[in-house]
Structure formats: C-alpha cells, structure tokens
Amino acid sequence: MTVLPCGDEVLVTGASSGIGEAIVRQLRRLGTTVHAVARSEAKLHTLAAETGCIAHVADVRDHSTMTALLVAIDPDVLVCNAGSNFGGSIGAASEEDVENLVDLNLSSTMQIVRSALQGMKRRDRGHLVFIGSIAGHHALTGGNAVYHATKAGIAAFANQLRIDLCGHRIRVTEIAPGRTRTGIFAKSAGDPILAQQQFLDGYEVLEPDDVAGIVCYALMAPAHVNIGHVEITPTLQVIGGLTTVRNDQTKFKR
Ligand SMILES: NC(=O)c1ccc[n+]([C@@H]2O[C@H](COP(=O)([O-])OP(=O)(O)OC[C@H]3O[C@@H](n4cnc5c(N)ncnc54)[C@H](OP(=O)(O)O)[C@@H]3O)[C@@H](O)[C@H]2O)c1
C-alpha cells in the first residue's frame, strides 16, 4: 500500500529553498521517498540530514545529467518547481538573462517531463506537478514579461499534456501561487534588502508551507481524481485593475 495513489517515488526540483524545500519536508512527513534536486550542495545535504530525503546536486539545465538521473530514479511523481526571475524589464536584460530564464523556467521543465514520462506510461501511473505562477495567467503591474511568458508556457504545457496523455492514468496539476515568502525576490532583484522591503516587509503573504500543502493535497487525491489547476494567493492580494496613463505622464512626450 503506497502513501500516494500514483506511487511513492517522488522527485522535486528546486528543493534547496523556499517552496521546493517545504514540499520536500511535507512529503517526507507523509512517508514518501523524496529525491531532492538543486545546485546548492550544502543546503541539500542539510535538508537530507534533517528529513531523510535523497540529495541530488544538479543543475536542471544540464539535460544529460537530468536525463540520466530520471532514468535511474524513474519517479512516480515529478514536482517541477525549480525557477527564478531576473530584475527589471526585458529592455534592460542581456541576451544571456533571457536565454537562461527561458531555459530554467520552461525548456528544462519540458526536457525533464520528456524523460520522466517513459516510466509513467509503462506503469500507466504517475503524477506531474508544475509550480507555475499567477504571472502565467494574468498581466500584472511591475511584472517581468519574460517571467510571465515562461509561466504562461508552463500553464499551456500542463493543459496540453492532459490532452496528450488522455487514456493514461497520469495526472497533471498546475499550481499557480501568488506572492510567497521566499528568497526569489532577493535573488532576482540583486539587492536583497530592497527586495525584502519592496515585496515582503509589512505584507501578509503566502508561506512556502501554504503552497506545499496544496501540492500534497493534489498528490493525495484518490487516483481517479485529477486536480488540474489551482490558483492560490494571499487573501490580501487580488488580481485585476486597469492602467491608463495621461499624455503628460508618458516617458516620451509627443
Ligand atoms: N515566491 C513567489 O512569490 C512565487 C510565486 C509564484 C511562483 N513561484 C515559483 O515557485 C518556484 C520556487 O521558487 P521560490 O519562490 O521557492 O524561490 P527560491 O527560494 O529562490 O527557490 C528556487 C529553487 O530553484 C532552484 N534552482 C534555481 N535554479 C536552478 C537550477 N539551474 N538547477 C536546479 N535548481 C535550481 C534553487 O536552488 P539552487 O539555487 O540551489 O539551485 C531553489 O531551490 C519557482 O518556479 C517560482 O517561479 C514563486
């Protein structure tokens, strides 16, 4: 008897901090086998010592390493969580910034799924979970267009996978969180103190455990139930609004 209806061999990417770390901790408390993937060796080894997860130090953009890992583990459940952002708009970004973000947030996820699906199809059992974002579904002020596009890609990928996999007992879940208290803001802004003040200080935001709880809820649902999409935001964060600028507020006046 397994803990999760789709099987207990779980691989979580981006497991060294934030939402991914919380998912690892909650899954280990449930008693599943968790393979935790990230680049930060020391953090992963601490997490492994504290939770009993299995640490795999790897960059998800290294496709040959990830393919070998996925073939060796052959997971029942894949939680695609690794992701990042860069500060500022596309106009101020370098070619490398754009390429790296698309690779990390979107292409690598597709490559990992490609490798993981083989075993899931063979067993006719599996669960793919994607940590998307509200940015994938809504245009937001202050957003980064490249980040939004990668997360919209994740949403489309998850939706279409459900069609492609119809007839297999493989579940697909996309979870789209709003603002969550993690290090992503500090890492992407470049100035951790400013990011803390701008995005977190004084705000009642989601905690990583709130998102991890939804992941576990979807994973624990009976095998015949697929939770396709969940949007989760802080109660004090809403989506909506319209921006209209006056002529005299434009940056380049006529
Ligand atoms: N925080 C929010 O408000 C929010 C809202 C919506 C969606 N999300 C999404 O939630 C996911 C997790 O982010 P987070 O907020 O928890 O931020 P975080 O604390 O910065 O976690 C990001 C994780 O991704 C890993 N990662 C980054 N680049 C990697 C690479 N090349 N290879 C392997 N792992 C890599 C990081 O580990 P290493 O650096 O050790 O590799 C880290 O474990 C992301 O997909 C993000 O877009 C976050």
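Indexing begins at 1, ligand by ligand and atom by atom, following the structure's order.
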*Run through ligand 1 for me and note each protein residue having a heavy atom under 4.0 Å from it, chain first, then residue number.*
Gly14, Ala15, Ser16, Ser17, Gly18, Ile19, Ala38, Arg39, Ser40, Ala58, Asp59, Val60, Arg61, Asn81, Ala82, Gly83, Leu104, Ile131, Gly132, Ser133, Tyr147, Lys151, Pro177, Gly178, Arg179, Thr180, Thr182, Gly183, Ile184, Phe185, Lys187
*Does Val205 offer a backbone N or O that forms a donor-acceptor pair with the side chain of Gln237 under 3.5 Å?*
no
*Side-chain donor/acceptor of Asn226 to backbone N/O of Arg171, under 3.5 Å*: no
*Which heavy atom of Ile154 sits nearest a heavy atom of Gly132, and at what distance?*
CG2-CA, 4.2 Å
*Decide yes or no for Pro75 and Val10: does some side-chain heavy atom of the first lie under 4.5 Å from some side-chain heavy atom of the second?*
no
_Under 3.5 Å donor-acceptor, Ser188 side chain and Gly87 backbone_ = no
*Under 3.5 Å side-chain donor-acceptor pair for Gln26 and Arg29*: no
